Amino acid sequence: MNKPYYITTAIAYTSRKPHIGNSYEIVLADALARFKRMQGYDVFFQTGTDEHGQKIEEYAAAAGISPKEYVDKVAGEIKDICDCLNTTYDKFIRTTDKDHEESVQKIFKKLIDKGDVYKSAYEGWYCVPCESFFTDSQLVDGKCPDCGREVRKEQEEAYFFKMSKYQKQLEEYIESNPDFIYPESRKKEMINNFIKPGLQDLCISRSTFKWGIPFPGDEKHVIYVWVDALLNYITGLGYDPDNQSEMYKKYWPADVHIIGKDILRFHTIYWPIMLMALGEPLPKQVFGHPWLLSGNDKMSKSKGNVIYADDLCNRFGVDAIRYYLLSEMPHAQDGTITYETIIERFNSDLANTLGNLVNRTVAMNNKYFDGVIQAPTAAEEIDEDLKATALGTLSNVAKLLDTYKVSDAISLVFDLAKRCNKYIDETMPWALAKDEEKKARLGTVLYNLLESIRFVAVLLKPFMPETSDKILEQIGTDVNTLESLDSFGAIKAGDKVGVATPLFSRLDVEKTLAEIEASLPDLNEEKEEEKEIEGLAEIVYDDFAKVELRVAEVTDCQPIKRAKKLLQLTLNDGTKTPRTIASGIAKWYSPEDLIGKKVIIVANLAPRTLCGVESHGMLLAGEVSEEDVKVAFVEGMPAGTQLS
RNA sequence: CGCGGAGUAGAGCAGCCUGGUAGCUCGUCGGGCUCAUAACCCGGAGGCCGUGUGGUUCAAAUCCCACCUCCGCAACCA
């Protein structure tokens, strides 16, 4: 009986087609899953899509289709990308799957019965004109922080989950399982930011939109999308609170959830607590991997630096992209992707080191022995180091993969390939070939090379499956198990090698970049489209007339402590009393840039306290791009001028 | 003074926990070789390891302190 191993990725939100940064996770998980399978584990590897929530309802509405139609389309795109990356998930779950939805409802019933869910016990201060709820701490002098009017205690109907009840239990679990949150730095973040200050009960229902799983016993509510999504890890195994499925018994608890570092909070706090409430064991480990950045920036449509996995695979081949992602991503820091570096790694690692090694070795065997693999009858001292390197690589790779150091692991495999290249220089087969008496030695050298390359191919299997197969075919063997790496000599003398075919043809850097450049003409068009969609609904004149715009002069300006993004401005708005406004422009402007300048402010905006500063109004600024904001300065109008 | 991480050759990174003459990949320069995809192998140049002529030590990239810069989390862009 093989030991079970359950590995998951986060399920992808079906808001839009994922970019290569989003796709890194599934490749990472796939490489781990493949390796575990080779190690003999009974692996269950799950991925899928997270399809509910307000955002999706809005996107669908904007696209003029139903939410279901919308998610069907995007889920299809996501699945296509997983497939084009050659990932071997065992299950692709969708949160709109019938059985998931039913199971989630059952689970909720159980939580409710258990008394961990309470309805509308949440009391808030309600401001009628603002239609908003506030907590005690949000109130300003006991009044509405938005408009300053009286608030009254009211209840909004919502369901809450008693997080706080499990706080201690969670702390104990984290304490006694030091590897649960990984890597370490993230663990500190979670503990210091969320757990130590005390857990708040979590609002687990929504009633302002419809696209979600109906709350059991209350039609007006849908289940909060995160809760729905997290449960996929057990509903995918057919979890049923009343009678557990065979799959669940076998695979739960998960060995590892592979997720992005941004959603660790949900996976290391909410998720464990939900499981505790259900009386189920907790996942053994949550690994928050870093992000893949495009150049120095996060990938975003408006920056025009989005790169998609399928485009890359079409251009460079799946394995080249898998290799890039897995080898280039640092273990605990964000990685970067650019076309230049892809081409660089492609040429130097895949074409030169690996591809050329296989090619020259196979070519020599064909040339000198008509393809027939010779028995290694003439060993020499110098062979030993090569063999030792080959034999030692697997255990080191395995060790590194246990702690998700995938890039280091791959690099060990390439070290072996480099050792082979060096061995060729050390033994100089072409020189041996000139001397008839050294035939046996020549045959031995080539045998050692072929066998070492077999080690490379087998070790490459989890990372570059297609390439691995191609190499094995060329070196004339099909022995590809990890066990076969316990000893040196699985290649059979007398067998024939295949035809030497380049695995990766070197790319011309400039030509390739030019081609890519040419294939990306539609960036501006997409930008335009997006802007149109984001426009607000039409308003009537009366609505506009409610906004009081005024010219004001900045008389003083300083940064606000504890707030990185805010500047505190003191303004002359034409009245006698100076006005204070907090504005989120610290990233783009320093106080000197603003003092003395005239700006346009919204003068009748309700005051609001931000990081301890009461802000009266806002100043107009334009978001040129996600990374650039420009304040609208005016000249030629005195402070106090009203605009209409 | 919110929490955490990073600052090492032109670029990207390792080393730091368990102090002992600074390492890898790419690039660059020189040499070797010709089996191979102008590939492969060897060697050189290039770093006062963010700053403090700071502390501990026989010895600090590594431990301690202060400061600077960048990033993430939290707060937050009215």
Side-chain angles (χ1 to χ4, degrees), chain A residues 145-147 183-197 261-262 264-265 288 290-291 293 296 298 327-336 338 340-341 343-345 347-368 405 407-408 411 414-415 417-434 442 445-446 449 500-507 560-567 581-588 601-602 604-621 623 629:
Chain A
D146 280 354
C147 65
E184 182 78 18
S185 59
R186 301 288 155 196
K187 174 170 153 183
K188 286 179 188 152
E189 237 165 59
M190 291 305 120
I191 294 173
N192 290 328
N193 285 330
F194 301 104
I195 300 178
K196 263 194 202 158
K261 61 182 186 179
D262 52 325
L264 264 163
R265 171 181 165 190
W291 280 335
L293 309 176
N296 288 316
K298 254 193 244 181
S327 69
E328 193 67 17
M329 280 297 283
H331 170 242
Q333 272 166 268
D334 290 343
T336 54
T338 63
E340 285 86 346
T341 45
I343 297 169
E344 206 178 286
R345 302 302 301 273
N347 282 343
S348 67
D349 298 353
L350 300 181
N352 295 354
T353 302
L354 177 66
N356 185 46
L357 168 67
V358 174
N359 194 243
R360 65 201 296 215
T361 304
V362 173
M364 281 193 276
N365 214 291
N366 277 313
K367 190 167 177 178
Y368 301 140
K405 290 182 177 152
S407 128
D408 293 342
S411 117
F414 275 77
D415 285 347
K418 284 178 188 172
R419 186 65 192 81
C420 291
N421 274 322
K422 185 173 175 150
Y423 179 76
I424 296 179
D425 256 56
E426 288 169 343
T427 54
M428 297 193 289
W430 56 90
L432 297 171
K434 285 177 187 150
L442 175 61
V445 164
L446 291 181
L449 278 170
T501 317
L503 294 167
F504 302 94
S505 304
R506 281 180 62 84
L507 299 168
I560 296 174
K561 281 180 216 160
R562 308 193 72 242
K564 277 183 196 164
K565 296 182 180 176
L566 297 177
L567 286 180
I581 287 180
S583 182
I585 53 172
K587 195 171 169 188
W588 302 279
I601 62 167
V602 179
N604 62 336
L605 196 65
R608 172 85 187 241
T609 303
L610 299 166
C611 282
V613 173
E614 195 168 289
S615 177
H616 299 263
M618 64 182 276
L619 56 93
L620 298 189
E623 197 169 316
V629 166

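None of the values given here were measured: they were computed from a predicted structure. First the proteins, then the strands, lettered A, B, ... as listed; each starts at 1.
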Can you tell me how far [atom1] in [N] sits from the matching atom in [M], rounded to whole Å?
N	M	atom1	value
B:C17	B:G12	P	25 Å
B:U28	B:G15	C1'	24 Å
B:C67	B:G2	P	12 Å
B:C64	B:G4	P	14 Å
B:G47	B:C13	C1'	14 Å
B:C24	B:G46	C1'	15 Å
B:U69	B:C63	P	23 Å

Value in whole Å for how far the [atom2] atom of [N] lies from [atom1] of [X]:
X	N	atom1	atom2	result
A:Leu264	B:C73	CG	C1'	10 Å
A:Lys418	B:A39	NZ	P	15 Å
A:Asp349	B:C26	CG	C1'	9 Å

Pairs: protein N or O with nucleotides 35-37 of chain B N or O, under 3.5 Å:
unit_1: B:C35; atom_1: O2; unit_2: A:Arg360; atom_2: NE; d: 3.2
unit_1: B:C35; atom_1: N3; unit_2: A:Arg360; atom_2: NE; d: 3.4
unit_1: B:C35; atom_1: N3; unit_2: A:Arg360; atom_2: NH2; d: 2.6
unit_1: B:C35; atom_1: N4; unit_2: A:Arg360; atom_2: NH2; d: 3.1
unit_1: B:A36; atom_1: O3'; unit_2: A:Asn359; atom_2: OD1; d: 3.1
unit_1: B:A36; atom_1: O2'; unit_2: A:Asn356; atom_2: OD1; d: 2.5
unit_1: B:A36; atom_1: O2'; unit_2: A:Asn359; atom_2: OD1; d: 3.2
unit_1: B:A36; atom_1: N1; unit_2: A:Arg360; atom_2: NH2; d: 3.3
unit_1: B:A36; atom_1: N3; unit_2: A:Asn356; atom_2: ND2; d: 3.2
unit_1: B:A36; atom_1: N3; unit_2: A:Arg360; atom_2: NE; d: 3.0
unit_1: B:U37; atom_1: O2; unit_2: A:Phe504; atom_2: O; d: 3.3
unit_1: B:U37; atom_1: O2; unit_2: A:Arg506; atom_2: N; d: 3.3
unit_1: B:U37; atom_1: N3; unit_2: A:Phe504; atom_2: O; d: 2.6
unit_1: B:U37; atom_1: O4; unit_2: A:Gly355; atom_2: O; d: 3.2
unit_1: B:U37; atom_1: O4; unit_2: A:Leu503; atom_2: N; d: 3.2
unit_1: B:U37; atom_1: O4; unit_2: A:Phe504; atom_2: O; d: 3.4

Side-chain N,O (A:Arg345) to OP1/OP2 (B:G12) below 4.0 Å: no

Minimum side-chain heavy-atom gap A:Thr336-A:Thr341 below 4.5 Å: no

Runs of at least three Watson-Crick or G-U pairs with RNA chain B, cut-off 3.5 Å: B:2-7 with B:68-73, B:10-13 with B:23-26, B:28-32 with B:40-44, B:50-52 with B:65-67

